[in-house]
Student: 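Mind having a look at this structure? Questions to follow.
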Amino acid sequence: MLARGFLKALKSRVLDSVLSENLLRRISNLDYLIANLETPICSGNKNSGDFFMPPDYAELLTHFDCMSLANNHIFDCGETGVVETIATLNKLNIGFTGICSHSKDLCYPRIIASTAGNISVIGCIEDSLYPEFAESSFSILKLSDLLNSLLLNEFEEREDIVANVVLLHAGNEFTPFPSRKLVESARNLVGKGADLVMISHSHFVSGFERIAEGGMIFYGLGDFIFDVPVSGRKTSVVPIFEISRNGLSFSEILFTKKSSDLTVNLVEDKREIRKLHRKIEKYSKLLSNNPEALRIRALSKLYVWNYQLLRIMWMIRSKGFKTTVRFLLDVLKRAVRKTFMHLRGKE
């Protein structure tokens, strides 16, 4: 998320200093980097509280090869923001997926070419997270539409495609435990032809699982870049895969950690890496059990409440009591508005 507090933290810094030197050296050895861009790139028509990223800062994205725009913030600057985001990514020669136009050209997966075989990358969003006011000539690819289509099957049958990757924006925020509904949806995507499903929106690192059909699901990668350096959201994972004619094979996980000035650092301490691996293994083991078990649901609620308390304390210390109260009132106003819109939709 290259917006909001991130912009204030960046004003007196060199753009590339957001990613530490050791992290830049490591990712420069990778052939392809894909990510979720949870903000529009917009130079005007911004509302207070909305996410937006000025075009001048978009150079940071050139480290990446493909971005999913299928998330609940891409319409924060309206259709103008979507148009400018697409134009900026095209200018920087960065691929994107997840947004559809009337021409339907953008609905198709982004194809990443490789000498070992091509990979399709497609972004989609859980239906319940679809932006409330996303009325425009663009639309985000919904999870239900992808599941009800034959798109993944069609690409799986193509000889030039060795793997299908789905970037799914879904689930509950601030917990490493996915719901049964999300687990079932992710597994259904694998059944439909996805070889790898990467899930964002929780902002927390979660576990992963390998499916009998041969696919792999990561239920939470963390933030990578975000403006809230609170415990639970400092660490992120970057899964690395190797491409061959047989598809994708899991290679390793890189761990990153945000410092208080929002610099993203590569975790290199072996003891800390072992500790983070154990945490992911714990979450993965719980995933193999019933995600709707009472213990897991209770743990999930505790994670959310603990995070919200830590976030409020951090805001009071860093931004002051009045700013924190205004923020909480704004959150309440948005929740009431969302509930009202939901009720109106049921009329």
Side-chain angles (χ1 to χ4, degrees), residues 27-37 61-70 86 89-90 92-126 138-170 183-200 208-219 221 238-254:
I27 64 176
S28 66
N29 294 324
L30 302 176
D31 294 319
Y32 309 100
L33 276 173
I34 59 177
N36 170 54
L37 179 61
L61 301 179
T62 56
H63 294 293
F64 299 87
D65 299 281
C66 184
M67 290 288 180
S68 174
L69 305 183
I86 291 174
L89 293 177
N90 281 333
L92 296 173
N93 198 30
I94 300 171
F96 59 91
T97 180
I99 287 283
C100 302
S101 70
H102 287 315
S103 68
K104 295 187 178 180
D105 292 337
L106 306 183
C107 287
Y108 264 65
R110 173 66 54 171
I111 304 300
I112 294 179
S114 164
T115 54
N118 300 333
I119 295 174
S120 75
V121 181
I122 188 165
C124 66
I125 189 169
E126 187 177 24
F138 292 92
S139 61
I140 303 173
L141 180 60
K142 293 181 180 178
L143 173 61
S144 61
D145 290 335
L146 181 58
L147 285 171
N148 292 327
S149 74
L150 297 175
L151 188 61
L152 288 169
N153 300 87
E154 291 171 1
F155 274 80
E156 187 180 33
E157 292 173 1
R158 281 176 45 172
E159 292 184 1
D160 61 318
I161 302 293
V162 298
N164 289 318
V165 176
V166 176
L167 304 181
L168 171 60
H169 203 72
V183 171
E184 289 177 351
S185 295
R187 290 173 180 173
N188 285 339
L189 284 170
V190 174
K192 287 279 188 176
D195 298 285
L196 174 63
V197 180
M198 312 284 271
I199 302 176
S200 57
F208 65 88
E209 64 174 344
R210 300 177 189 272
I211 307 301
E213 290 88 337
M216 195 169 184
I217 304 169
F218 280 83
Y219 286 95
L221 304 181
V238 182
I240 308 296
F241 293 83
E242 293 183 1
I243 307 170
S244 72
R245 297 191 183 281
N246 295 321
L248 292 175
S249 58
F250 178 53
S251 176
E252 64 174 311
I253 290 179
L254 302 182

Student: If you round to the nearest 0.5 Å, how far is CG of Leu141 from CD1 of Ile122?
Tutor: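 Going from CD1 on Ile122 over to CG on Leu141, the span is 5.0 Å.
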
Student: Return the CE to CG distance between Met67 and Leu61, rounded to the nearest 0.5 Å.
Tutor: 4.5 Å

Student: Do Ile243 and Leu248 have side chains that get closer than 4.5 Å, going by heavy atoms?
Tutor: yes

Student: Using the six-membered ring wherever Trp is involved, compare the ring planes of Phe241 and Phe218 and label them parallel, tilted or perpendicular (cut-offs 30° and 60°).
Tutor: perpendicular

Student: Got a sec, which residues hit side-chain contact (heavy atoms from CB on, under 4.5 Å) with Val238, two or more places apart in sequence or on another chain?
Tutor: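 Listed in chain order: Phe224, Ile240, Leu254, Thr256.
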
Student: Taking the side chain as C-beta and beyond, is there a heavy-atom pair between Ser114 and Tyr32 under 4.5 Å?
Tutor: yes

Student: Side chains of Val162 and Asn246: does their closest heavy-atom pair fall under 4.5 Å?
Tutor: no

Student: So, applying side-chain contact (heavy atoms from CB on, under 4.5 Å) with Cys66, which one of Val165, Val121, Ile94, Ile111 is it?
Tutor: Val121

Student: Restricting to non-hydrogen atoms, name the atom on Ser200 and the atom on His169 that form the minimum distance, rounded to 0.1 Å.
Tutor: OG-ND1, 2.7 Å

Student: Output, in order, the C-alpha distance, side-chain angles, deciding distance and verdict of side chain to side chain contact (heavy atoms under 4.5 Å, CB included) for Leu143 and Leu189.
Tutor: CA-CA 9 Å; Leu143 173 61; Leu189 284 170; 3.9 Å; yes

Student: Considering only heavy atoms from C-beta outward, does the side chain of Met198 approach that of Pro239 to under 4.5 Å?
Tutor: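 Answer yes - side chains close enough.
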
Student: Does Asn118 reach the main-chain N or O of Ile161 with its side chain, forming a donor-acceptor pair under 3.5 Å?
Tutor: no

Student: Roughly how far, to the nearest 0.5 Å, is CG of Leu30 from OG of Ser251?
Tutor: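 Interatomic distance, Ser251 OG to Leu30 CG, rounded to 0.5 Å: 9.0 Å.
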
Student: Looking at every non-hydrogen atom in both residues, tell me the closest pair between Ile211 and Arg187 and how far apart they are.
Tutor: CD1-CG, 3.9 Å

Student: Under 6.0 Å from the CG atom of Asp160, do we count more than 12 heavy atoms belonging to anything else shown?
Tutor: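 Count over threshold, so yes.
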
Student: With a cut-off of 6.0 Å (strictly less than), are more than 12 heavy atoms of other residues, nucleotides or ligands near CD of Glu154?
Tutor: yes

Student: Quick one: are Ile34 and Ile112 in side-chain contact, heavy atoms under 4.5 Å?
Tutor: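 Yes, their side chains come closer than 4.5 Å.
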
Student: Restricting to non-hydrogen atoms, name the atom on Gly123 and the atom on Ser68 that form the minimum distance, rounded to 0.1 Å.
Tutor: CA-OG, 3.5 Å

Student: If I compare all heavy atoms of Lys192 with all of Glu156, which pair ends up nearest, and what's the gap?
Tutor: O-OE1, 4.5 Å

Student: Should we count CD of Glu252 as having more than 12 external heavy atoms under 6.0 Å?
Tutor: yes

Student: Check for a donor-acceptor pair, side chain of Asp65 on one end and backbone N or O of Leu33 on the other, with a separation under 3.5 Å.
Tutor: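 Pair found, side chain donor or acceptor close to backbone of Leu33.
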
Student: Please tell me if the side chains of Pro109 and Leu151 come closer than 4.5 Å, counting only heavy atoms from C-beta onward.
Tutor: yes

Student: Could you tell me if the side chain of Val183 sits less than 4.5 Å from the side chain of Glu209, heavy atoms only?
Tutor: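 When only atoms from C-beta onward are counted, Val183 and Glu209 do touch, with a gap below 4.5 Å.
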
Student: Is there a side-chain contact between Leu152 and Val166 in this structure, where contact means two heavy atoms from C-beta onward sitting under 4.5 Å apart?
Tutor: yes

Student: Under the ring-ring contact (aromatic ring centres under 6.0 Å, His included) test, which residues partner Phe64, sequence neighbours left out?
Tutor: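 Applying ring-ring contact (aromatic ring centres under 6.0 Å, His included) to Phe64 gives none.
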
Student: Where is the tightest heavy-atom contact between Ala186 and Val197, given as atom of each residue plus distance?
Tutor: O-CG2, 4.1 Å

Student: How close do Arg210 and Phe250 get, counting heavy atoms only, and between which atoms?
Tutor: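 It is NH2-CD2, 3.5 Å.
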
Student: Using 0.5 Å steps for rounding, measure from the CG atom of Leu147 to the CD atom of Glu184.
Tutor: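 Separation between the atoms: 11.5 Å.
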
Student: For Ser144, is there any backbone N or O sitting under 3.5 Å from a side-chain donor or acceptor partner on Asn148?
Tutor: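 Indeed, once roles are kept as given, a pair shorter than 3.5 Å links the two residues.
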
Student: State the CG-CG distance between Leu89 and Leu69, to the nearest 0.5 angstrom.
Tutor: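 These two atoms lie 6.0 Å from each other.
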
Student: Just verifying a value: how many Å separate Lys142 NZ and Ser149 OG, rounded to the nearest 0.5 Å?
Tutor: 14.0 Å

